[in-house]
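Just the heavy atoms: all of them, side chains too, but no hydrogens, waters or symmetry mates, feed the values below.
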Amino acid sequence: AIAALVVASIVRPLGRIGPLRPTQAIYAGLFINELLPMRVGEIGRAFLVSRWLERPFLAVVPSMAVERLMDAIWLAVGIGLTAMFVPLPPGLLQAGDILGGAVLALTAFFLWLVLRRRPPGKDRPERRGWLRRKLAAVVGHLAEGLREIGRSRDFWAAFAVSSLVIVFQALAFWLVMLACHIHLSFWVGMAVFVIVHFGTAIPNAPANVGSYQFFTVVGLALFGVDKTAATSFSVVVFVLLTIPLWAIGLVALGRSGTTFAAIKADIRRLLAQTADPAGAVEREGGALP
């Protein structure tokens with residue numbers, strides 16, 4: 001529900017959409033991620049939102065980028081807070097430093113896009129090749145979308161609320177630890193959750209099967225948990241936190257007005273269009289800015 005409110009607020013410049021539709025899109029995307037590799041459910045989720053808003057798919061891409069930036073910011077903050085209460089392994093601290101540097105750079109770039117004024121004469125035709133003009137048009141289209149989101153009245157509220165997403169995810173992870181008689185502090189649970197989150201961030205197998213369990217065992221072993229107990233917990237926490245997503249996602253996809261096969265076909269079409277992004281914009285949305 002929190003993630004749905006964030007999505008609804010971020011896409012507000014494109015049109016108003018109630019919290020029910022983003023909730024359906026989020027769970028449908030999670031369900032697709034459980035079935036297909038490389039997290040293509042993110043594309044499926046954006047496709048559903050673009051369909052309900054009756055906007056081209058490319059118009060929704062800036063909202064996806066902003067949402068990922070918010071997640072990265074709060075993850076970096078979570079690592080910093082956890083490091084204040086729990087000694088973290090050097091590898092995780094180094095990864096946190098890299099993430100923090102990347103977040104600062106991306107945030108500065110985003111704020112620059114939002115605050116800068118459009119230079120005069122920008123709309124005058126330039127002497128460029130056809131491909132360069134098309135690519136510049138696509139980049140300009142995406143930059144304008146980011147600018148509209150950053151200047152939206154709902155942006156800062158959405159940013160603040162998005163912090164609760166990682167908090168509740170870590171809390172659920174820690175509560176399962178307690179239920180499995182792994183009695184460690186919340187901050188240790190947060191540290192293990194961050195390790196798992198980092199380890200599964202790179203798109204891999206459907207549902208992160210294998211990698212989720214591996215990084216859970218690695219994280220718990222760093223805090224002295226027996227390997228046998230950690231392995232058992234990795235299976236239990238995966239089932240408890242994943243099976244509900246499958247069930248809710250299946251229902252959400254069934255009530256979205258489309259089918260899994262149709263979304264797969266649209267995802268293939270969208271991936272094929274990445275070789276000609278400018279043509280995709282023209283086919284979907286008409287004129288470019």
Side-chain angles (χ1 to χ4, degrees), residues 1-33 36 38-73 106 109-110 113-114 134-135 137-155 157-159 161-162 165 203 249 252-253 255-260 262-289:
I2 295 172
L5 289 174
V6 172
V7 172
S9 300
I10 292 176
V11 300
R12 187 65 56 82
L14 300 177
R16 290 189 173 272
I17 184 172
L20 178 60
R21 287 300 196 185
T23 301
Q24 286 180 309
I26 289 170
Y27 279 104
L30 291 172
F31 179 71
I32 295 172
N33 282 338
L36 297 177
M38 304 303 292
R39 292 192 178 180
V40 294
E42 298 292 327
I43 301 176
R45 184 179 79 172
F47 165 75
L48 289 174
V49 174
S50 67
R51 169 182 285 187
W52 290 327
L53 288 172
E54 298 181 350
R55 299 295 297 269
F57 173 82
L58 198 61
V60 183
V61 172
S63 65
M64 297 171 59
V66 171
E67 188 180 357
R68 296 285 78 81
L69 177 60
M70 289 181 177
D71 292 342
I73 291 173
L106 291 173
F109 176 71
F110 175 71
L113 279 178
V114 172
K134 293 295 184 181
L135 291 177
V138 172
V139 172
H141 184 82
L142 297 177
E144 187 62 31
L146 292 172
R147 192 176 296 113
E148 289 180 358
I149 292 173
R151 294 177 178 177
S152 171
R153 294 181 303 173
D154 302 310
F155 171 75
F159 174 70
V161 172
S162 66
V165 175
L253 183 60
R255 297 179 63 87
S256 65
T258 186
T259 64
F260 178 65
I263 292 179
K264 280 182 64 178
D266 284 310
I267 290 174
R268 289 196 187 99
R269 175 177 58 82
L270 291 168
L271 291 176
Q273 289 174 352
T274 55
D276 182 19
V281 175
E282 291 178 341
R283 286 188 294 271
E284 288 188 346
L288 293 168

Within this structure, what is the [atom1]-[atom2] distance for the pair [X] and [Y], rounded to the nearest 0.5 Å?
X      : Y      : atom1 : atom2 : value
Ile43  : Ile32  : CD1   : CD1   : 10.0 Å
Arg45  : Glu67  : CZ    : CD    : 4.0 Å
Leu5   : Ile10  : CG    : CD1   : 11.0 Å
Ile17  : Arg12  : CD1   : CZ    : 10.0 Å
Met64  : Leu69  : CE    : CG    : 14.0 Å
Leu113 : Ile149 : CG    : CD1   : 11.0 Å

Restricting to non-hydrogen atoms, name the atom on [X] and the atom on [Y] that form the minimum distance, rounded to 0.1 Å.
X      : Y      : answer
Ile26  : Ala4   : CD1-N, 3.5 Å
Ala25  : Trp52  : CB-CZ3, 3.8 Å
Leu53  : Gly15  : CD2-O, 3.7 Å
Phe110 : Leu146 : CE1-O, 3.6 Å
Ala28  : Ala252 : N-CB, 4.1 Å

Counting C-beta onward and ignoring hydrogens, is there a side-chain heavy-atom pair between [X] and [Y] closer than 4.5 Å?
X     : Y      : value
Val66 : Phe155 : yes
Leu48 : Gln24  : no
Arg68 : Asp71  : yes

Among Arg147, Arg151, Glu148, Glu144, find the residue that satisfies the side chain to side chain contact (heavy atoms under 4.5 Å, CB included) test when tested with Pro13.
->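 Of Arg147, Arg151, Glu148, Glu144, side chain to side chain contact (heavy atoms under 4.5 Å, CB included) with Pro13 is met by Glu148 alone.
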Report yes or no: does Arg55 contribute a side-chain atom to a donor-acceptor pair with the main-chain N or O of Leu14 at less than 3.5 Å?
->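 Indeed, once roles are kept as given, a pair shorter than 3.5 Å links the two residues.
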Should we say atom CZ of Arg255 is surrounded by more than 12 heavy atoms from elsewhere, each under 6.0 Å from it?
->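 It does not: Arg255 CZ has 12 such atoms or fewer within range.
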